[in-house]
Amino acid sequence: MSIFKNIQPENVFRYFWEISQIPHGSYHTKEISDYLVTFAKEHGLTYYQDDADNVIILKEASAGYENAGPVILQGHIDMVCEKEAECRIDFEKEGLDLYVDGDFLKARGTTLGADDGIAVAYALAILDDDTLKHPRLEVVLTSNEEVGLLGAKEIDLSMLKGRILLNLDSEEEGHFLTSCAGGLTARTSIPAVYQTAEGIGVSVRLVGLLGGHSGSEIDKEHANAIIEMGRILKYMEQRMPFGIASLKGGLKDNAIPRMACASLLVPEEGFEDFQRFAAEITDILKKEYAVTEPELSVEIRVFEKMSTPVLSPSSMQKVLFYLCNVPNGVMHMSTNIKGLVETSLNAGIMELGAEAFFLTSSVRSSVKSRKQALTDRLTYLAEFLGGTIIIEGDYPAWEYHADSVVRQKAAEVYHRLFGKDPVFEAIHAGLECGLFCDKIEGLDAISFGPDNLDIHTPKERLNIPSAGRTYRFLTELLGSMK
C-alpha cells in the first residue's frame with residue numbers, strides 16, 4: 001500500500017490494491033466474490049451472492065434522496081490473466097505485483113486487471129463513504145465477463161428497482177458508450193491422426209507481437225500469432241517436407257494472440273533448406289508488419305535427431321487448410337457509424353491435442369444476422385474438414401436509444417465539471433449492458449471509465465489522474481440525481 005502514498009482518491013486505490021492481492025482470473029472468482037460478501041457484512045449492507053459468484057450489494061438513499069430513482073452501478077470481478085514469457089506468477093494462487101510509474105499504475109510482468117477492477121474499487125469506495133449524496137444504490141458485480149459475459153447471463157436481477165444503469169467497464173476518459181456489439185465463443189475441433197517419423201526436432205516460435213483486446217483493437221492491423229503461424233507452416237510445406245508434432249498459441253479467445261509455437265520434425269538432409277525458407281518467411285512478415293509489429297520475431301531452436309509422433313499427411317493438410325482459411329480480423333465495417341467495426345472474428349486459442357486440433361474464436365457483431373452468417377462460415381469449414389464446432393456464451397448487442405435521460409444528465413454534469421462536452425459513441429467490444437437491458441424492461445444505460453491502456457496485455461496501465469477525475473465525475477453524477 002505504500003506505493004499509493006499521496007495518491008487520490010485514497011479509498012479507491014486502497015480497494016484496488018486489496019482486489020489485486022486476490023487471484024481473480026476468469027473461472028477463478030470465488031475468493032473475490034466472498035471478499036465482496038465480507039465487505040457487505042462489515043458495512044451492514046444487504047447483499048445477494050449466487051452460485052456463479054455474482055454479487056449484488058444494496059445501499060439505501062442518503063438523506064434527501066429518498067424519492068430519487070435508484071441507480072445501478074455495474075462492473076465485473078474477473079480479469080484477463082496474461083503475462084510475459086519470463087514471468088513466473090501463478091494467477092490462480094498469487095496476487096499482482098503493482099507499482100507506480102509516473103502517472104500510471106502497472107503490474108510487473110502481467111495484466112493489471114483494471115479491466116474491470118477499477119469498477120469494483122469505485123463501487124466499494126462509494127459504498128464505504130457515508131458523506132456522499134446519492135439515490136438508492138444497487139451495485140451489481142458480475143463474474144466471468146471476459147469469457148462470454150457468463151455471470152451476467154446467469155444473474156437474477158429481480159430484486160433491483162433501478163432503471164438507470166451506469167456500467168463502469170470502459171477505457172477512455174470522457175468517452176461514453178451508448179451501444180455495443182453482441183458476440184459468442186466458437187470452439188472448433190478437427191480430428192487428428194498421428195504417425196511415427198524420424199528427423200531433426202525443430203521448435204518454431206513466433207514472438208514479440210503486441211496483441212490487444214479483440215474488440216477495441218481488432219482494426220489496428222496487429223498480427224494474430226495463430227494465423228501467422230499457419231502462414232509460416234504453409235510457406236514451408238509448399239517448399240519441403242516436414243512433420244508437425246505440436247502446435248500451441250494464444251491464451252484467451254478475446255485477446256489477440258501475441259505468441260504461437262510449433263514443434264516440427266525436419267528431414268536431416270533438408271535441414272539447411274528449412275533454415276533458408278524460415279529466414280525468407282520471417283523477412284516477409286517483418287516487412288508486412290514493420291509499422292504495427294516492430295518487435296516481431298521468429299525464433300528457431302534445433303534439437304537432436306529423434307523419432308516422434310507427427311500428424312499424418314492427411315491430418316496435417318486439414319490443419320494447414322483450416323489455419324489458412326479460417327476467417328480472422330475485421331469482416332465488415334458499419335455503414336451507419338463511420339469508423340466503427342461492425343463484424344469481426346479473433347482466432348484466440350490454438351492447441352494440437354492427442355486426438356484433435358482445437359481452435360477457439362471470438363465472434364462479434366452489432367448486426368445479429370451478420371453474427372449468424374460468420375458463425376455459419378466457421379461451422380461449414382469445421383464440418384467440411386470432418387470436425388465439429390461448439391457455440392458458447394452467445395450474448396446480444398446493446399442497441400442505441402435516442403431518448404436516453406441518463407446520457408443527457410451525464411453530458412450536463414461532465415460539462416459543468418470539466419468545461420467541455422463528452423464524446424458519445426458505439427463500441428465493437430462486448431459489454432454486459434445488452435444482457436441487462438434484456439433482463440430489465442425500460443433500462444436506460446451508459447458506460448464509461450478512466451483511461452486504461454493496452455488492456456488484456458502485460459502492458460496494461462491505468463492513468464492515475466484520469467481515475468481520480470472519473471471518480472469525481474461518478475460521485476457528482478450520483479449527487480445530481482436528486
Side-chain angles (χ1 to χ4, degrees), residues 25-29 76 78-83 91 111 113 115-116 142-153 169 180-190 209-220 222-230 247-261 322-323 326-331 341 343-353 356-365 371-372 374-375 377-379 381-382 387-397 427-432 435 454-458 460:
S26 300
Y27 300 120
H28 300 280
T29 52
H76 62 87
D78 63 314
M79 66 173 283
V80 169
C81 295
E82 284 262 7
K83 61 183 178 180
F91 281 115
T111 38
D115 174 18
D116 193 22
T142 53
S143 64
N144 298 321
E145 186 270 353
E146 298 288 6
V147 287
L149 317 187
L150 303 184
K153 286 185 174 182
D169 191 17
C180 74
L184 56 83
T185 298
R187 303 188 188 279
T188 298
S189 62
I190 299 170
L209 306 184
L210 292 175
H213 191 292
S214 65
S216 58
E217 298 184 294
I218 197 70
D219 61 339
K220 301 299 189 295
H222 290 310
N224 182 306
I226 291 172
I227 300 300
E228 299 308 327
M229 177 57 74
L247 284 171
K248 194 174 183 64
L251 296 173
K252 305 291 180 182
D253 67 279
N254 60 358
I256 301 171
R258 297 181 296 116
M259 186 271 286
C261 57
Y322 183 88
L323 288 175
V326 64
N328 186 75
V330 177
M331 299 290 111
V341 178
T343 305
S344 75
L345 183 141
N346 178 64
I349 309 172
M350 171 182 68
E351 186 167 7
L352 180 58
F357 168 82
F358 301 97
L359 191 120
T360 302
S361 302
S362 175
V363 176
R364 302 177 191 268
S365 183
K371 183 174 72 171
Q372 185 59 53
L374 185 52
T375 304
R377 286 180 63 187
L378 288 174
T379 302
L381 179 59
T388 59
I389 189 168
I390 298 173
I391 304 301
E392 299 176 341
D394 195 346
Y395 59 91
I427 191 173
H428 185 57
L431 292 171
E432 294 163 297
L435 286 166
D454 291 325
I455 62 172
H456 295 190
T457 79
E460 181 183 3

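Nearest heavy atoms, Tyr395 versus Arg364: OH-NH1, 3.5 Å. The minimum heavy-atom distance between Gly393 and Leu150, with the atom names listed, is CA-CD2, 4.2 Å. Pairing each heavy atom of Glu146 with each of Ser26, the nearest pair is CB-OG, 3.5 Å. When all heavy atoms of Ser214 and Ser362 are compared, the pair lying nearest together is OG-OG, 4.2 Å. For the residue pair Thr111 and Thr457, the shortest heavy atom distance occurs at CG2-O, 3.1 Å. The heavy-atom pair separating Val330 from Ser344 by the smallest distance is CA-CB, 4.2 Å.
For the atom pair CE of Met331 and CG of Leu374, the computed distance is 6.5 Å after rounding to the nearest 0.5 Å. Here Ile227 contributes atom CD1 and Leu323 contributes atom CG; the two are 6.5 Å apart, rounded to the nearest 0.5 Å. Taken to the nearest 0.5 Å, the CG atom of Leu251 stands 11.5 Å off from the OG1 atom of Thr360. In this structure, the separation between CE on Met79 and OG1 on Thr29 is 13.0 Å, given to the nearest 0.5 Å. With rounding to the nearest 0.5 Å, the separation of CG in Asn224 from CD1 in Ile256 is 7.5 Å. Atom CD1 in Ile389 sits 4.0 Å away from atom OG1 in Thr379 (nearest 0.5 Å).
Residues Ile455 and Val80 form no side-chain contact, since every pair of their non-hydrogen atoms from C-beta on lies 4.5 Å or further apart. Looking at heavy atoms from C-beta onward, Ile349 lies out of side-chain contact with Phe358 at the 4.5 angstrom threshold. Side chains of Pro257 and Leu209 form no contact here, defined as non-hydrogen atoms less than 4.5 Å apart.
Remark: Ala255 pairs with Glu82, Lys252, His456 by the side-chain contact (heavy atoms from CB on, under 4.5 Å) rule, at least two apart or across chains. Not a single ring pair (Phe, Tyr, Trp, His ring centres under 6.0 Å) links His428 to another residue, sequence neighbours left out. Evaluation of the side-chain contact (heavy atoms from CB on, under 4.5 Å) rule for Ser361 yields Leu345, Ala347, Leu359 as partners, not counting sequence neighbours.
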Side chain to side chain contact (heavy atoms under 4.5 Å, CB included) evaluation trace for Val147 with Glu392
CA-CA 9 Å; Val147 287; Glu392 299 176 341; over 6 Å; no
Side chain to side chain donor-acceptor pair (under 3.5 Å) between His76 and Asp115, worked out:
CA-CA 8 Å; His76 62 87; Asp115 174 18; 3.2 Å; yes
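His28 and Asp78 share no side-chain donor-acceptor pair at under 3.5 Å.
With respect to the salt-bridge test (charged N to carboxylate O, under 4.0 angstrom), the residues Arg187 and Asp253 do not qualify.
A donor-acceptor contact shorter than 3.5 Å is absent between the side chain of Glu145 and the backbone of Gly151. Within the 3.5 Å criterion, the main-chain N or O of His213 finds a donor-acceptor partner in the side chain of Glu217.
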